[in-house]
Amino acid sequence: MFVILKKKHMIFAVVCCLLLFAVPLICGSIPPQAVTVSATTSTNWGLSFQEEGKTPTGNATAEFLRQYDAYYAGNSEEKKIYLTFDAGYENGYTPAILDVLKKHNVKAAFFIVGNYLETSPDLVKRMVAEGHIVGNHTYHHPDMSQISDAQALKKELSDLEELYLQTTGQEMPKFYRPPQGKYSENNLKCAQELGYNTIFWSLAYVDWYVDKQPTKEQAFSKLLPRIHPGAIVLLHSTSKTNAEILDELLTKWEEQGYTFGTLYELCQ
C-alpha cells in the first residue's frame with residue numbers, strides 16, 4: 001500500500017512540475033508575471049447584421065475583445081467611420097485609392113504584409129507621407145490561430161516591423177489585423193503583451209476575388225445600408241471595384257452625415 005501511494009505522489013509531483021514549466025511558454029518572452037493561461041480554440045471572425053444602420057453582432061462581444069485591446073467597432077452613438085484596407089499585394093489600384101482619400105481628406109489604415117512592403121515600398125512611403133496608418137497584417141499572412149508558440153507569433157509581427165523601419169525610417173504603428181480574421185484568445189493576449197491593438201471590422205463585403213469582382217450596384221447594396229455609427233470598414237486594395245466606387249462611396253457616406261476617424265481615436 002505504501003509503494004502504491006508513493007508512486008501516485010511521484011506522478012502528481014511530475015505533473016505539477018510540467019505545468020510550472022508550461023505556463024511561461026504560452027507567451028514566450030513575455031515576462032512570467034504578466035502571463036495567464038488563455039484559450040487556444042481558433043475562431044474565424046464573423047458578423048450578424050440584425051438591423052440596418054446598427055452595429056452588427058460579432059462572434060465575440062466588444063467587452064470580451066476590449067480586455068485584450070481588440071476592437072471591431074467604435075462608439076455606436078457617434079456617426080464616425082474608421083476606414084481600413086487590407087493589402088496583401090499591389091494590384092495596380094492603390095494610387096487611385098490614395099488619390100480619392102486625399103480628395104476627401106480621409107486618413108485610412110492600410111494593413112500590409114511582407115510581400116507588399118518588399119514589392120511596393122514607394123506606395124507604403126506615400127501612405128505614410130499622406131498621413132495614413134500602416135498596420136501589421138503579419139509578414140507571411142499565415143493562419144495565426146494555428147500558431148500557439150508566442151515566439152513564432154512575435155516573429156510574424158516583428159519581422160514586418162523591422163522591414164517597415166528599414167523602408168520608412170519610422171517605427172510601425174501598433175495596430176494588428178489577423179489574416180482572414182482567424183484568431184484565438186491566446187493570440188489576442190500575446191498581441192496585447194507585444195503592445196498591439198487588434199483591429200477586426202464591423203462592415204465588409206466579398207471584394208477580394210480578383211477574377212470575380214462585384215458590380216458597383218452589388219457593392220453599394222452591401223456598403224450603404226449596412227453602414228452604422230462607429231463602423232470599422234474593411235475593404236481590399238486589390239479590388240478594381242473599390243477603386244472605381246470609392247469617390248462616390250465616400251461622398252454618399254458624407255451626405256448621410258458621417259465623418260472619418262483614425263484608429264488612434266478609436267483606441268484612445
Side-chain angles (χ1 to χ4, degrees), residues 45 47 55-56 58 62 65-66 68-88 93-113 116-117 120 123-138 157 160-161 164-165 167-178 181 188 191-192 194-204 207 223 226-237 239 242-243 246-247 249-268:
W45 179 247
L47 298 166
T55 305
L65 293 174
R66 199 171 295 119
Y68 297 114
D69 296 327
Y71 304 83
Y72 86 96
N75 186 347
S76 63
E77 301 300 320
E78 187 177 13
K79 294 195 77 171
K80 186 172 286 188
I81 295 169
Y82 304 92
L83 186 59
T84 71
F85 293 86
D86 281 5
Y93 304 118
T94 304
I97 288 171
L98 289 170
D99 289 345
V100 172
L101 294 176
K102 188 173 184 178
K103 174 182 176 181
H104 287 261
N105 194 29
V106 172
K107 307 304 181 186
F110 290 83
F111 287 93
I112 66 170
V113 299
Y116 196 95
L117 194 48
S120 305
L123 280 175
V124 175
K125 291 177 184 177
R126 180 180 171 187
M127 294 170 188
V128 175
E130 295 182 359
H132 303 294
I133 290 171
V134 177
N136 201 321
H137 203 34
T138 74
L157 299 177
L160 191 67
E161 290 173 0
Y164 180 85
L165 178 60
T167 303
T168 67
Q170 299 183 22
E171 297 288 341
M172 190 168 219
K174 291 289 188 175
F175 299 103
Y176 157 63
R177 174 167 284 160
L188 297 179
Q192 180 188 47
L194 293 170
Y196 275 91
N197 292 288
T198 299
I199 308 297
F200 291 102
W201 58 89
S202 61
L203 177 57
D207 62 348
L223 296 172
R226 289 182 173 180
I227 196 62
H228 58 88
I232 300 177
V233 178
L234 162 60
L235 301 175
H236 285 81
S237 61
S239 167
N242 287 341
L246 189 60
D247 189 9
L249 177 64
L250 298 186
T251 298
K252 288 180 178 295
W253 281 339
E254 288 164 345
E255 289 172 349
Q256 291 177 349
Y258 284 96
T259 60
F260 295 86
T262 70
L263 296 184
Y264 289 112
E265 296 168 359
L266 173 74
C267 300
Q268 65 184 3

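Everything numeric in this text was worked out from a predicted model, so none of it was measured.
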> When you measure from the side chain of T259 to the backbone of K80, do you find a donor-acceptor pair of N or O atoms at a distance under 3.5 Å?
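Side chain of T259 to backbone of K80, a donor-acceptor pair under 3.5 Å: no, none is there.
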
> Between atom CG of N136 and atom NZ of K174, what is the distance when rounded to the nearest 0.5 Å?
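Rounded to the nearest 0.5 Å, the CG-NZ separation comes to 8.0 Å.
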
> Given K102 and D99, is the side chain to side chain contact (heavy atoms under 4.5 Å, CB included) satisfied, shown in steps?
CA-CA 5 Å; K102 188 173 184 178; D99 289 345; 5.8 Å; no

> Going by the rule ring-ring contact (aromatic ring centres under 6.0 Å, His included), which residues pair with F175 if we only count those two or more places apart in sequence or in a different chain?
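Here the qualifying residues are Y264.
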
> ring-ring contact (aromatic ring centres under 6.0 Å, His included) with H228: which residues, sequence neighbours excluded?
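H228: no ring-ring contact (aromatic ring centres under 6.0 Å, His included) contacts found.
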
> Assess the residue pair I97 and L235 against the criterion (side chain to side chain contact (heavy atoms under 4.5 Å, CB included)); give the C-alpha distance rounded to whole Å, side-chain angles, the decisive distance to 0.1 Å, and a yes or no.
CA-CA 11 Å; I97 288 171; L235 301 175; over 6 Å; no

> Do side-chain atoms of H132 reach the backbone of A108 as a donor and acceptor pair under 3.5 angstrom?
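Yes; judged by distance alone, with no hydrogens or angles, the pair exists.
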
> Is a donor on one side and an acceptor on the other found under 3.5 Å between the side chain of D69 and the backbone of Y196?
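Absent.
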
> Taking W45's backbone N and O only, do any of them form a donor-acceptor pair with W201's side chain (distance below 3.5 Å, no angle check)?
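Not at all, since once roles are kept as given, no pair shorter than 3.5 Å links the two residues.
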
> Does Y68 reach the main-chain N or O of A191 with its side chain, forming a donor-acceptor pair under 3.5 Å?
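Absent.
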
> Give a yes or no on whether the backbone of F200 and the side-chain of R177 come within a donor-acceptor separation of less than 3.5 Å.
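Looks like yes, one N/O pair under 3.5 Å.
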
> So, the side chain of S120 versus the backbone of L123: is there a donor-acceptor pair under 3.5 Å, distance only?
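No; zero donor-acceptor contacts below 3.5 Å.
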
> Are any side-chain N or O atoms of T138 and backbone N or O atoms of L157, one a donor and one an acceptor, separated by less than 3.5 Å?
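Checked: no pair found.
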
> What pairs meet the salt bridge (Lys or Arg N to Asp or Glu O under 4.0 Å) rule with one or both residues in residues 251-264, with sequence neighbours excluded?
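Listed by first then second residue: E248-K252.
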
> Nearest 0.5 Å please: distance from the CG atom of L223 over to the CG atom of D207.
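CG of D207 is found 8.0 Å from CG of L223.
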
> Just verifying a value: how many Å separate D86 CG and H236 NE2, rounded to the nearest 0.5 Å?
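If we round to the nearest 0.5 Å, D86:CG and H236:NE2 are 4.5 Å apart.
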
> How far apart are the C-alpha atoms of L117 and Y164, what are their side-chain angles, what is the distance that settles it, and do they pass the side chain to side chain contact (heavy atoms under 4.5 Å, CB included) test?
CA-CA 7 Å; L117 194 48; Y164 180 85; 3.9 Å; yes

> At what distance, to the nearest 0.5 angstrom, does OG1 of T55 lie from CG of L203?
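So the gap between those two atoms works out to 11.0 Å.
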
> Can you check side chain to side chain contact (heavy atoms under 4.5 Å, CB included) on N197 and Y71, steps first, answer last?
CA-CA 8 Å; N197 292 288; Y71 304 83; 3.7 Å; yes

